[in-house]
Structures are given as C-alpha cells and as structure tokens.
Amino acid sequence: MTRRIWLAGFVAIAALFVALDWFTYPPPLPAYAVVRSAWQPSEAWLYDRHGTLIDSARVDFAKRRLAWVPLASIAPAVPATVIAAEDARFRSHGGIDWLAILGSIRSRIGGERGRGASTLSMQVAAFLSSDLAAPGARAWRDKLRQMRAARTLESAWSKDRILEAYLNLAPFRGEAQGIGAAALSLFGKTPAAMTPDDATLLAALLPDPQATAPRIAARACRLSGAGDCTRFASAAASMLGPARSLALDPGLASHLADRLLTKPGLRVTTTIDATIQRNAAAALRRQLQGLGGTRARDGAVVVVDNESGDVLAYVGGVGGASTAPAVDGANAYRQAGSTLKPFLYAQAIERGYLTPASVLDDSPVQLDTASGLYVPQNYDRGFKGRVSVRSALAGSLNVPAVRTLLLVGVEPFRDRLWDTGYRGLVEDGDYYGFSLALGSAEVTLLEQADAFRSLANGGRWSPLRLTSDAPRTTPRAITTPAAAWIVADMMADPNARAATFGLDSALRLPFWAAVKTGTSKGMRDNWCVGFTRRYTVAVWVGNLEGDPMRAVSGTSGAAPVWRDVMLSLDQQGRTAPPKPGNVERRRIAFADGIEQPRVDYFLKGTGQSLIAAAPPSARRARIVSPAAGSVYAIDPDIPPDRQRLAVQTSGDTLAQHIMLDDRDLGPASDQPLFLASPGRHRLRLVESGGRVVDQIIFTMR
C-alpha cells in the first residue's frame with residue numbers, strides 16, 4: 001500500500017513537472033543572423049556622388065528606427081553604463097540572475113518596493129517574440145517563460161550579440177527604437193559620439209521612457225554616483241526639449257529625397273554634388289529674401305553636367321516665406337513663357353527659312369483662330385518695327401516669334417519640343433495654336449534644363465540622370481549642330497539683347513554663356529535658363545500657389561540666381577564652343593540702317609553681305625485691319641462718327657479700291673474710315689479691273 005502511494009505521488013509530481021514544463025515552455029527564438037537580416041529601418045538615406053549624406057526621409061511611421069548599429073560602432077561608455085544600470089552581473093550569469101531574484105523576493109517579504117530582476121537576456125528574448133511578455137511584466141508564468149527563453153538565448157548567442165541586440169531593440173523616448181534613433185533624436189549624435197554623461201542619461205531613461213526631465217536627472221545622478229549632479233538637470237531638459245537640429249540630416253535635398261526615397265532602409269547614391277547643391281540653395285534663398293514674400297515666395301534651381309547629363313544640383317524650394325514648401329518646384333509643370341523661342345528659331349534656321357540676319361516685322365498683328373482673334377503683344381507693350389532674327393531672339397520679342405511660327409508651323413514645332421524632352425505637351429498643335437511660340441505650354445524646370453543642354457551638346461538630347469545607377473542613354477540628334485550653335489551664339493550676344501535688357505544686366509557674365517529668360521502670362525512664372533560648354537543652369541522663381549508675382553521682371557527674378565550659380569561653378573568650359581564646319585562667318589550690313597553693321601553667322605551657302613527688308617511693292621497686297629472674323633459692338637452712348645473703323649492695308653495697293661459689301665469706300669492708299677450697320681459685312685480689296693485681291697468677313701453688333 002505504501003509502495004502504491006509513493007508510486008502515485010511520484011507520477012503526480014512527474015505529471016506536475018510535465019504540465020509546468022509545457023505551461024512555461026518558451027516560444028522558439030530566431031538566430032542572430034535572422035534578426036539582423038530582418039531589421040528594417042524606418043528611414044531612407046540620400047547621398048551625393050561622393051558618398052556624402054545630403055538628406056534622409058522617414059518612410060515607415062510605425063516606429064522611428066535607423067540602421068542596425070554594431071556594438072563596435074557604439075561608444076564604450078554606453079554598453080558599460082547600461083549594464084551597470086540594468087544588469088550588473090550580465091557578463092557572469094547564464095541568462096538568469098538568481099541573486100537579483102533572491103534580492104527581489106527578500107524586498108517583497110520585507111514590504112519594500114520590489115526591485116526588477118529581469119536580465120538583459122530576458123528582455124531581448126521578449127523583444128524577439130511577441131508571445132513573451134513585454135519587459136517589466138509581473139505575471140509569474142511570463143517570468144518563467146522569459147527565464148527559460150533567456151537560457152535558450154544564452155546557449156545560442158554570445159554575450160556581445162545579446163548586448164548589441166538589446167541596444168538596437170530597446171524602446172526609448174516616444175517612438176524612437178534602438179540606440180541609433182535615440183542618439184540622433186535625443187542628442188543629435190551618432191552612437192559612436194556619445195559621451196559618458198549621454199550614456200548615463202540614456203540609461204536613466206530606460207526604466208521609464210516617458211519620465212519627466214527632473215526624474216531622469218535624479219536617476220542619472222544616482223547612477224553616476226557623482227557628488228555634483230547639477231549638470232544632469234539642464235542636460236535632461238535639453239535632451240527632452242524641442243526637436244534638435246539633426247546634424248546627421250543636412251536637409252540639402254528634401255524634395256529629391258521625397259521623390260527617390262520610397263522604401264524603408266533605402267540608400268540612394270545620387271548624381272548630386274553636395275557643394276554645388278549647397279551653393280545653389282544659398283543663391284536662391286538670398287534672392288527670395290531680397291525680393292520678399294510679398295513679391296515672390298518660391299523658386300527652384302537645377303544644375304546639369306552637359307556631357308554626362310548628371311544633375312549636380314536639385315533645389316525644389318528653400319521654404320522661407322513659401323506657403324507650399326512641400327511642393328517640388330523643380331518638377332512642377334508651369335507655363336514656359338519665352339523660354340521656348342530658341343527651339344523655334346533653331347528649327348527655322350535649320351530648315352533654311354531664316355538666318356540670324358533675316359529681317360522680321362515687329363509690328364501689330366491680328367491672327368484669326370478658331371477661338372477668335374489672337375493679338376500677340378511684346379513684354380513692354382511696344383513694337384520695334386523691322387528687326388533681325390538675332391535681335392528678336394536676344395530681345396525676346398513676341399510678334400517676330402509668332403511670325404516665325406507661321407513659317408515653321410504649329411504642329412512641326414510642337415513635335416520638335418516633344419522630341420526635345422518637353423513631355424507636358426500631350427495635345428496636338430491645334431490645341432496650343434500660335435501662342436505656343438510665346439510659351440503657352442507647361443514645362444518643368446528639369447525639362448528646361450535638359451532641353452537647353454541639348455543645344456549646348458550640338459542638338460543632341462538624352463534623358464537626365466538623378467542616380468548613380470541610372471542608365472546612360474545614347475543621345476539622339478534633334479536639332480542640327482549648325483542650327484544649335486547659331487542659336488547659342490545669338491543667346492550669348494550681349495549687344496543683341498542690349499535694347500531690351502541693357503548692357504549690364506544679370507545675364508552678362510565675365511565668360512561665354514548662352515541664356516534665355518521667360519515670363520509667363522499674368523506674371524506667374526519667371527525663368528532663366530542658360531549654359532556654358534560644361535554646365536546648364538535652370539532657375540524658376542514664382543509662387544507655387546499660382547498667384548502673380550509683384551514687380552518681378554525677367555532680369556530681377558530668376559536671372560540673379562542664375563548668375564550667382566554660374567559664377568560659383570568651376571572654371572572649366574567657359575570659352576565659346578568651336579564653330580561647326582558648315583557654319584560660315586560673314587561681315588554684314590543692313591540697308592536703310594535697320595541695325596548696325598556686324599559679323600554674323602550663316603549655314604554654309606546662305607550667307608549674305610547686305611541685308612534689306614522687302615519693299616512694300618514686293619509684299620502681297622492684303623487687308624490688315626479689320627481682321628478676319630472680328631466682332632465689333634456699336635456703343636449707343638458714343639456719337640456714331642466717333643465709332644468709325646479704319647481700313648489698313650499692307651503691300652503695294654496702288655490703283656486698288658476698298659469695297660464694303662457693294663459700296664466703294666475709295667482708294668486703298670487713303671486708308672478710309674467707315675461706318676457699318678449691324679450684321680455681317682464683307683470687306684474687299686479690289687483691282688481696277690474688278691479682280692478681288694483680298695477679302696475678310698467681320699460682324700457689327
């Protein structure tokens with residue numbers, strides 16, 4: 001009987017142990033290599049072409065953690081202080097500190113506040129398995145499972161790996177997890193740069209990450225054992241104060257970081273040069289501060305290496321008075337203004353329609369379109385009369401550009417712009433109409449830089465490169481080298497633009513540079529894009545929200561930034577590019593003193609020595625005003641004789657008469673005035689024999 005009792009007791013005890021073993025069995029823990037490989041930072045990093053960190057971005061907002069920090073990259077004071085504060089016998093126990101457990105039991109029996117007995121190994125085990133209780137849990141089953149997991153961990157991991165994992169997995173203040181995020185967010189340092197006092201404050205934070213500064217300072221004082229602890233009070237307040245300026249995140253390319261850093265842990269090496277990026281941002285910031293937020297709030301700068309297509313600076317904005325600082329001004333579509341004119345004239349020169357010395361008429365013109373009359377105006381609302389192509393481009397005259405578009409054709413010009421990288425032109429030519437010559441299409445600053453770079457490269461275009469691993473594309477020939485060179489020479493001519501911009505504007509540099517400005521309709525965008533043989537610099541100034549700028553012109557907005565950036569670049573490639581073989585140089589003079597004699601350049605075989613405008617007798621006789629399709633309204637409050645319309649003609653109209661419907665208004669050379677009743681009317685230019693030379697239809701209301 002006694003034997004049976006003993007046997008039953010033994011079985012009961014064994015069953016109890018088996019049940020206890022099963023009840024407290026710890027979950028499986030991953031290997032160190034698995035933990036390292038699975039670590040995913042919440043940040044991503046952007047580096048310049050030389051490996052210098054230029055920006056970072058937070059991509060995962062669940063927790064704030066940086067890259068895994070090896071123990072060797074942490075200041076020795078940190079692990080030493082953490083061990084002393086959290087687990088003094090860490091190096092000697094096997095995962096369970098029995099002395100600490102006995103001390104905790106004795107404190108509880110004595111009615112004292114219980115001391116924690118969790119070892120670093122137990123806490124790491126809890127970090128590694130969601131099945132285990134979080135550090136600080138008091139349930140006996142949780143503790144037993146943590147203890148058993150810690151023993152298992154100690155048998156598989158070295159002490160240094162356990163310590164390293166603890167420092168990387170431990171939660172710190174707020175959402176910061178790991179020594180990397182804690183050192184950066186609390187001290188503005190790398191873990192390697194932390195001082196002994198930093199380590200003491202960090203260790204004081206571990207038991208209660210949300211503690212107040214006085215409580216942390218008091219605990220740091222106890223941990224340090226120092227007699228004078230006044231320094232900890234101010235240090236703790238500073239540590240928990242407003243967000244520090246993170247020295248490890250220069251913030252040099254925030255818009256590019258938003259564009260490229262899309263995944264946690266991503267490390268992107270860009271084509272950016274940190275020095276050029278810094279100089280470009282500084283130049284833009286100075287200009288916007290000088291203009292003031294009431295005149296213009298935003299701007300962007302792009303600098304490109306012409307040969308490689310590498311983007312050396314990408315400044316999407318600099319904040320300041322901006323009301324939309326997160327918008328990327330370098331990649332936003334804005335109206336191009338006059339910056340498209342070089343490509344229009346290059347196409348006309350390439351086709352043999354014009355030369356730099358060809359004479360264009362800068363006088364009022366009215367063009368009939370499907371949506372009504374199109375009446376282009378110059379920037380200053382004035383007209384220059386007869387001007388050469390060189391003066392028209394350099395002076396950014398609008399009417400000559402529209403006349404050139406009539407020669408080239410809207411659709412062919414639209415196709416040329418698309419081939420030159422302007423991918424915002426998704427409609428056909430009819431959609432844009434004649435206003436395309438004046439930049440009614442929307443473009444980005446990156447597209448502008450790449451398009452002008454193609455002119456610097458002899459008319460060859462290829463996509464820009466933003467990252468070091470971006471493919472290099474063989475350039476495509478878009479504009480002929482001769483036409484590209486001639487247009488660049490016109491844009492680099494300070495004398496040709498003197499009438500519009502003066503001889504000493506921000507566009508004139510102490511070395512060769514081709515440049516074009518542009519201002520969009522309603523003063524919403526101001527551009528300055530230009531190049532040397534080595535670099536292309538593109539600048540935009542305006543308001544990202546679309547409201548007009550105030551008192552900002554082509555040379556007072558973007559041009560000063562362009563000039564400063566150009567001057568800051570190195571000295572390479574500052575001479576004029578060599579003339580292509582099929583371009584001839586010739587001394588020219590203008591009949592009737594249209595412009596001063598000069599040296600100009602022509603496609604071989606098209607050169608002339610004397611340039612003269614076509615005489616009136618050589619021009620087709622036609623009615624200039626009223627324009628075809630015009631609609632005029634009679635005002636009953638104005639006397640009728642004050643509302644007469646004038647007939648204007650061009651060309652040789654000798655012996656020709658003006659007919660209004662069936663009424664003869666007299667010789668065309670008299671430029672007659674007339675009144676017309678409400679309704680549709682036909683105005684004809686008629687020869688003496690009755691042949692109709694020209695006619696238009698207009699409406700009176």
Side-chain angles (χ1 to χ4, degrees), residues 304-309 339-360 388-394 401 404 407-408 412-413 415-417 419-421 448-463 472-497 507 509 511-516 529-537 566 571-588 595 597-609 611:
V304 177
D305 181 278
N306 291 336
E307 182 178 356
S308 65
T339 54
L340 302 183
K341 291 175 182 174
F343 307 98
L344 173 62
Y345 286 110
Q347 195 170 8
I349 291 171
E350 175 184 298
R351 294 185 174 189
Y353 298 158
L354 297 174
T355 73
S358 297
V359 176
L360 295 172
S388 69
V389 167
R390 178 176 289 270
S391 297
L393 173 58
T404 301
L407 293 174
V408 172
F413 181 46
D415 292 344
R416 172 60 57 90
L417 293 174
D419 291 341
T420 314
Q448 294 273 53
D450 202 12
F452 276 75
R453 167 186 166 243
S454 75
L455 296 177
N457 287 339
R460 294 173 296 115
W461 180 88
S462 62
R472 296 186 183 275
T473 307
T474 303
R476 291 188 288 111
I478 306 298
T479 304
T480 63
W485 186 91
I486 289 173
V487 166
D489 180 74
M490 291 193 287
M491 288 194 294
D493 188 349
N495 295 319
R497 60 174 173 258
L507 304 178
L509 299 179
F511 47 84
W512 186 94
V515 60
K516 186 72 189 72
V529 191
F531 54 86
T532 62
R533 291 172 65 182
R534 175 72 187 278
Y535 301 105
T536 295
V537 176
M566 273 295 189
Q571 302 293 320
Q572 299 181 43
R574 290 191 170 188
T575 58
K579 180 171 63 68
N582 59 336
V583 173
E584 60 177 307
R585 181 179 185 271
R586 184 170 293 198
R587 181 84 183 172
I588 63 170
E595 290 182 9
R598 63 171 183 254
V599 170
D600 219 324
Y601 299 91
F602 303 84
L603 298 181
K604 190 161 287 186
T606 65
Q608 297 171 283
S609 298
I611 311 297

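The two atoms that bring Phe602 and Arg586 nearest to each other are CE1-CB, 4.0 Å, heavy atoms only. Smallest separation of non-hydrogen atoms from Ala484 and Gly459: CB-N, 3.7 Å. Taking both residues in full, the closest heavy atoms of Ser388 and Pro356 are given as CB-O, 3.7 Å, listed atom of the first, atom of the second, then distance. Closest heavy-atom contact between Gly581 and Lys604: O-NZ, 3.0 Å. For the residue pair Ala357 and Ile611, the shortest heavy atom distance occurs at O-CG2, 3.2 Å. Of all the heavy atoms in Val304 and Ala449, the pair that sits closest is CG2-CB, 3.9 Å.
Taking CZ from Arg390 and CG from Leu360, the interatomic distance works out to 13.5 Å, rounded to the nearest 0.5 Å. In this structure, Leu417 CG and Leu344 CG are separated by 8.5 Å, a value rounded to the nearest 0.5 Å. A distance of 9.5 Å separates CG of Leu340 from OG1 of Thr420, quoted to the nearest 0.5 Å. For the atom pair CZ of Arg585 and NZ of Lys579, the computed distance is 8.5 Å after rounding to the nearest 0.5 Å. Rounded to the nearest 0.5 angstrom, Met566 CE and Tyr535 OH are separated by 10.0 Å. Here the straight-line distance linking atom CG of Leu354 with atom OH of Tyr345 works out to 8.0 Å at 0.5 Å rounding.
A donor-acceptor contact shorter than 3.5 Å links the side chain of Asn306 to the backbone of Thr532. Distance alone, capped at 3.5 Å, places no donor-acceptor pair between the Glu350 side chain and the Ala483 backbone.
Using a 4.5 Å heavy-atom threshold, the side chains of Met491 and Phe531 count as touching. Taking 4.5 Å as the limit, some side-chain heavy atom of Trp512 sits within range of a side-chain heavy atom of Pro577. A 4.5 Å side-chain heavy-atom check between Ser454 and Ile478 finds every atom pair outside the cut-off. Contact of the Leu507 side chain with the Pro494 side chain is not registered, since no non-hydrogen atoms from C-beta on lie closer than 4.5 Å. Side chains of Asn457 and Pro475 form no contact here, defined as non-hydrogen atoms less than 4.5 Å apart.
For Asp419 and Arg416, the salt-bridge test fails: no basic side-chain N is under 4.0 Å from an acidic carboxylate O.
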- Task: Under the side-chain contact (heavy atoms from CB on, under 4.5 Å) rule, what do Met490 and Val389 come out as? Steps first, then yes or no, please.
- Result: CA-CA 9 Å; Met490 291 193 287; Val389 167; 4.2 Å; yes

- Task: Determine, stepwise, if the pair Ile486 / Leu603 fulfils side-chain contact (heavy atoms from CB on, under 4.5 Å).
- Result: CA-CA 9 Å; Ile486 289 173; Leu603 298 181; 4.1 Å; yes

- Item | side-chain contact (heavy atoms from CB on, under 4.5 Å) between Gln347 and Thr479, worked out | CA-CA 7 Å; Gln347 195 170 8; Thr479 304; over 6 Å; no

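Between Phe343 and Phe452, the distance separating the two ring centers is shorter than 6.0 angstrom.
A donor-acceptor contact closer than 3.5 angstrom links the side chains of Arg453 and Ser462. For the residue pair Thr355/Gln608, the side-chain donor-acceptor check at 3.5 Å is not satisfied.
Ring geometry for Tyr601 versus Trp485: interplanar angle over 60°, hence perpendicular rather than tilted (30 to 60°).
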